[in-house]
There are 2 protein chains.
Amino acid sequence: MHKLYLMTRSEENYIKTIFHLGRQGTQDVATNAIAELMETKPSSVTDMIKKLSEKDLVNYKRYQGVSLTSLGNKTALSIIRKHRLWEVFLVEKLDFSWDEVHEVAEQLEHIKSDKLIDSLDRLLAFPKFDPHGDPIPDKNGGFKERDRDLLSEVPIRTVGVCVGVKDSSATFLKFLDKNGIALGNQIKVMEREEFDGSLNIEIDGRNMQISHVIASNLYIKTNDGI
Amino acid sequence: MHKLYLMTRSEENYIKTIFHLGRQGTQDVATNAIAELMETKPSSVTDMIKKLSEKDLVNYKRYQGVSLTSLGNKTALSIIRKHRLWEVFLVEKLDFSWDEVHEVAEQLEHIKSDKLIDSLDRLLAFPKFDPHGDPIPDKNGGFKERDRDLLSEVPIRTVGVCVGVKDSSATFLKFLDKNGIALGNQIKVMEREEFDGSLNIEIDGRNMQISHVIASNLYIKTNDGI
DNA sequence: ACAAATTTTTAGATTTGCCTAAATTTTAAT
DNA sequence: ATTAAAATTTAGGCAAATCTAAAAATTTGT
């Protein structure tokens, strides 16, 4: 019915970027924003947007930005599913660390084979989250965003488990490794310094001080959800 | 030292084809042969050969065919290593059948990451042969062709184990499945019909008749090697 | 509201990998 | 040894994805 299959690698990368920038493709995204994230020129973006628009993957009106159509959204979710499943594979089966997976997954996500990705899903026992705590869409694009909060935004004395990172750059992840912060750690917010927003936390027993920047890139899951 | 890494997918496919056609790149390969195997036009082949020649991957003299340089050979072996390791992965870990692996491995072989392929090798416990019985080059391109013979060429009463196929097309492999012929089967050649070269064989107990075409695409390993 | 700044698009090139058609070289046949 | 056939290369073009520079539309500041 739809030839989701004959998309080029470049088209797929644009779709993915529009999805990420537009909060899952619902919002209008600016040409410049796409160009910046993809390290390309705005004029190249315009060209590609026209092409994607032809193919009914994006809604486009000149000068008004783009958003994903329902087909575009489905496509994005399928690429993200592949990306995140491969990340799990790399960490679980090939002993990659969480800061090494992104680059390789960027390549693997473009491999075309339904059977491959479904079998991979099975091999990994149908994981629901990737190594950075981001949810993995199921076969039909089903997506359950986990209920979680930024560490920088919860009240003092909140207790929770570290379940994700907002910034998943290698730099940040290596910093976390160096400081013994990992998904699964038990965290309690002891004190917040109003002056600079830094936090004093207790993490798996230890006590440590983290800056606001760090805290605003760590997600925790508390028990006070419904 | 050498930028084996910035090869395009197309360049890699040409190198692989030249390797296969020229018995591991040693012999001169005709432009037309490459074009036919790659389902492209001879003129396109000439273009690409010039480009590869520039990069010192092939030896080329106009009208005289091409062969791989030592760098080209090394490149080919690295691609073949990846292709075959991925095939093993698909069969061993993802339950693909041996006739389903080729197409996907053709995509996976172009993924660039040394760490990925070395880890995969480890996950698979350093396999020496792929699902069709072809040898997998090691990290350094080391290659040990297994001592084996075409079933069509061994004398009557020869006993051996089926260790490989010459034709690994899905059609042939499915035919073998249908007739219960698989790698690892014990085979004894009972009789050869001189008229059409067909064979009467005993395979894992059963008795069966196979045509010359079939026999000339099955490798067995006998015990009479040195 | 209107000029200035910013954003976006258009126009025209470039590179890669492919094509067709025509020319050239090699090989095969008599 | 020629000539016919086959193989190979050259010449000229095309589509995808990018770029630069210039033009057009939108947004912003006062």
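Proteins get letters first, then strands, A, B, ... in listed order; numbering begins at 1 in each.
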Task: Whether B:F89 and B:W86 hold their rings parallel, tilted or perpendicular, with breakpoints at 30° and 60° - done: perpendicular
Task: Atom CD of B:E36: over 12 foreign heavy atoms under 6.0 Å - done: no
Open item on the list: Under the side-chain contact (heavy atoms from CB on, under 4.5 Å) test against B:V165, which residue among B:L173, B:N217, B:I181 passes?
Closed with: B:L173
Open item on the list: Any side-chain N or O of A:Y14 below 4.0 angstrom from OP1/OP2 of D:dT18?
Closed with: yes
Task: Residue mapping more 5' on DNA chain C - nearest nucleotide basis, B:M48 or A:I49 - done: A:I49
- [ ] Give a yes/no on whether any side-chain N or O of B:K50 is located under 4.0 angstrom from OP1 or OP2 of D:dT10.
- [x] yes
TODO: Measure from CG on A:L21 to P on C:dT7 and round the result to the nearest Å.
DONE: 15 Å
Task: A:K139 and A:D118 ion-paired at < 4.0 Å - done: yes
TODO: For B:L52 and C:dC18, give me the distance from atom CG to atom P, rounded to whole Å.
DONE: 11 Å
TODO: Take the protein atom CG of B:D47 and the nucleotide atom P of D:dA11, then report the distance between them rounded to whole Å.
DONE: 11 Å
Open item on the list: Could you tell me how far apart B:I34 (CD1) and D:dA7 (C1') are, to the nearest whole angstrom?
Closed with: 13 Å
- [ ] Side chain of A:Q64 only, please: which of C:dT9, C:dC18, D:dT26 is the nearest?
- [x] D:dT26
Task: Over 12 non-hydrogen atoms of neighbours within 6.0 angstrom of CD in A:E103 - done: no
Open item on the list: Just the rounded figure in Å: distance from P of C:dT25 to OH of B:Y60.
Closed with: 12 Å
Task: Phosphate OP1/OP2 of D:dA24: any A:R62 side-chain N/O under 4.0 Å - done: no
Task: Selection: residues 102-110 of chain A, any non-hydrogen atom under 4.0 Å of DNA chain C - done: none
Task: Touch class at under 4.0 angstrom, heavy-atom based, for A:S43 against every strand present - done: base
Task: Ring centre gap for A:H132 and A:H102 strictly below 6.0 Å - done: no
TODO: Quick one: label A:S10 by what it contacts on the DNA or RNA (base, sugar-phosphate, nothing), any heavy atom closer than 4.0 Å.
DONE: sugar-phosphate
TODO: Using whole Å, report how far CG of A:D28 lies from P of C:dT8.
DONE: 11 Å
Open item on the list: If you take the centroid of each ring, where Trp contributes its six-membered ring, are A:F19 and A:Y14 closer together than 6.0 Å?
Closed with: no
Open item on the list: Once hydrogens and angles are ignored, does a donor-acceptor distance under 3.5 Å link the base of C:dT24 to the side chain of B:Y63?
Closed with: yes
Task: Result of checking A:K144, A:R148, A:R81 against A:D134 for salt bridge (charged side-chain N to carboxylate O under 4.0 Å, His left out) - done: A:R148
TODO: Give a yes/no on whether any side-chain N or O of B:N32 is located under 4.0 angstrom from OP1 or OP2 of D:dA6.
DONE: no
Task: Per A:T46 side chain, nearest of listed nucleotides C:dT10, D:dT18, D:dT9 - done: C:dT10
- [ ] Rounded off to whole Å, could you give me the CD-to-P distance for the B:E39 and C:dC18 pair?
- [x] 12 Å
Open item on the list: Rounded to whole Å, please give me the gap between CG in B:L6 and P in C:dT16.
Closed with: 12 Å
Task: Sugar-phosphate only, base, or nothing, as touched by A:S44 at under 4.0 Å among non-hydrogen atoms - done: base
